[in-house]
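Within every chain, numbering begins at 1; the chains are lettered A, B, ... in the order of the sequence lines, protein sequences first and strands thereafter. FYI, side chains are in, hydrogens and waters are out, and symmetry mates aren't considered; it's all heavy atoms of this structure.
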2 protein chains.
Amino acid sequence: MARLQNRASEGRRRASHSMESVLTEAVALLDEAGEPALTFRALAQRLGGGVASIYWYVANKEELLDRATDHVIGSVLADVEALPARDDPIDALRAMAMTLFYAIVERPWLGSYFMRSSTVQGNSLRLYERLGEQTLRLDLSARQRFHAVSAVVGVVVGSAVDLGQEPPQEVLDGAVSREEFLSRYAQRWREMDPADFPFVHDIVDEFDGHDDIEQFCAALELTLAGLRLQSGT
Amino acid sequence: MARLQNRASEGRRRASHSMESVLTEAVALLDEAGEPALTFRALAQRLGGGVASIYWYVANKEELLDRATDHVIGSVLADVEALPARDDPIDALRAMAMTLFYAIVERPWLGSYFMRSSTVQGNSLRLYERLGEQTLRLDLSARQRFHAVSAVVGVVVGSAVDLGQEPPQEVLDGAVSREEFLSRYAQRWREMDPADFPFVHDIVDEFDGHDDIEQFCAALELTLAGLRLQSGT
DNA sequence: ACCTGAACACCGTTCAAGT
DNA sequence: ACCTGAACACCGTTCAAGT
């Protein structure tokens, strides 16, 4: 449906791309303004060619997104594989999950795509494997291992989705900072009746100006603590 | 930007809607075929009117999705509030999280929307409050409580996103059952080199035909175990 | 093998006008 | 206060044709 090619460009009159350049530019568009920015027309313009030529590399937009995602997951995988070895598999799991999460912080659009099942192959699968290998060092059943890795990935995705949807365009425009945005919500919360919303009032100061990474780490820690307990380490 | 109305319909020649009917039909479309099915034209047709009239109730598609989501979260909230009281707050948290997850299993499109920040008000906020109130009964700091609820919500969302993206249309069409679909992946996994993918081979039988609910429960259990440990209960 | 322009069907949104 | 038809700009995708 789509083939790889990468031959050196000889004298050409027409535009000439490559899978590499298509994906690189696609990722650039995603980085700039998320999925809505990735259109075939915008991409064609960046590549200096016509819209239809992209369809030689990719069957449709879904495949374009899958390949773009897999492309950047490739570098996440490299980062994960470059991590120093750990005696404790749970420490290793933590480091890997954090590497993945950091990558999503830098590319919020990644959050919604990196584990869609069409992508459960290529680099995503390799990443899944690397996480899973750590659980092989724990005293668990295969089912427990399967669930453990799903849980860790779930924590990453769960936190990441939040992240990907947070900025409501005024923040992206830079018109409003993230802090202001959070504070605005916090302010509304403070104005509600404390009798009806005791918990919201209890944590509103924590919500106001909170750090997403810290929030993610706390969630990850709970899961890893549960896992440690289960593995009897 | 959009106002509520619900007056009884008198003799009318033109179509006449209500916020209620707009949201009900919007949800029906989402239930039938997910977000792509929810278009202003499809919705107008179901309501028996013109496209533009919907814009009297809703400023744009984002608001339509937010309101539709909040609408169904309303019934989830009712279910959660109808849950029997529990001595153990962590048991209560589990029951609530499962209620929410079950609702998403029935409406996979819910997963991606129910916690986007534009929705952090209305019924979503009430649901968040109900979850949080359970943590008020635990011996934790405000920050720990904030993180605990985020973690629980994260587990739900993390598992739900998976769910929402799983069926790749052939499953939705009913042409391929979920089991077949999973088995197809499993088969590809089994064909890979065990030396390169020891973990994948270790868990492939668990993956094949796995139950999403069980997977979610396992992830939730790990988080709750961590929380229990933290609260010293 | 790879690229192009033009077309098609469909989408969200707007607006001046109706009742 | 609420609905309408017609238009606009934009989208993914296709296709017959070019090189």
| query | What salt bridge (Lys or Arg N to Asp or Glu O under 4.0 Å) pairs are there with at least one residue in residues 71-82 of chain B, not counting sequence neighbours? | reply | B:E81-B:R130
| query | Mind checking what makes ring-ring contact (aromatic ring centres under 6.0 Å, His included) contact with B:F199, not counting sequence neighbours? | reply | A:Y128
| request: For A:K61 and A:L38, indicate whether the former's side chain and the latter's backbone hold a donor-acceptor pair under 3.5 Å. | output: yes
| task | Could I get the full list of salt bridge (Lys or Arg N to Asp or Glu O under 4.0 Å) partners for B:R190, not counting sequence neighbours? | result | B:D205, B:D208
| query | A:L47 has an atom CG; how far is it from atom P of C:dT4, in whole Å? | reply | 10 Å
| note | In short, side chain to side chain donor-acceptor pair (under 3.5 Å) pairs touching residues 37-52 of chain B with sequence neighbours left out are B:E25-B:R46, B:E32-B:R46
| Would you write out the dot-bracket form of DNA chain D, 5' to 3', with Watson-Crick and G-U pairs under 3.5 Å, [ ] for crossing pairs, | for pairs to other strands and . for unpaired bases? | ||.|||||...|||||.||
| field | Sequence-distant partners of B:P198, side-chain contact (heavy atoms from CB on, under 4.5 Å), two or more places apart | value | A:E129, A:E133, A:L136
| task | Indicate for each nucleotide in nucleotides 7-13 of chain D, in 5' to 3' sequence, whether protein heavy atoms under 4.0 Å reach the base (B), only the sugar-phosphate (S), or nothing (-). | result | ----BBB
| query | Looking at residues at least two apart in the chain, or sitting in another chain, which of them share a side chain to side chain donor-acceptor pair (under 3.5 Å) with B:T223? | reply | A:T223
| B:Y57 side chain N/O closer than 4.0 Å to the phosphate oxygens (OP1, OP2) of D:dC3? | yes
| field | Between C1' of D:dC2 and NE2 of B:H17, the distance in whole Å | value | 9 Å
| query | Quick one: is B:S53 getting a side-chain N or O under 4.0 Å of the D:dT4 phosphate, OP1 or OP2? | reply | yes
| request: Tell me, please, which residues at least two apart from B:F197 pass ring-ring contact (aromatic ring centres under 6.0 Å, His included). | output: none
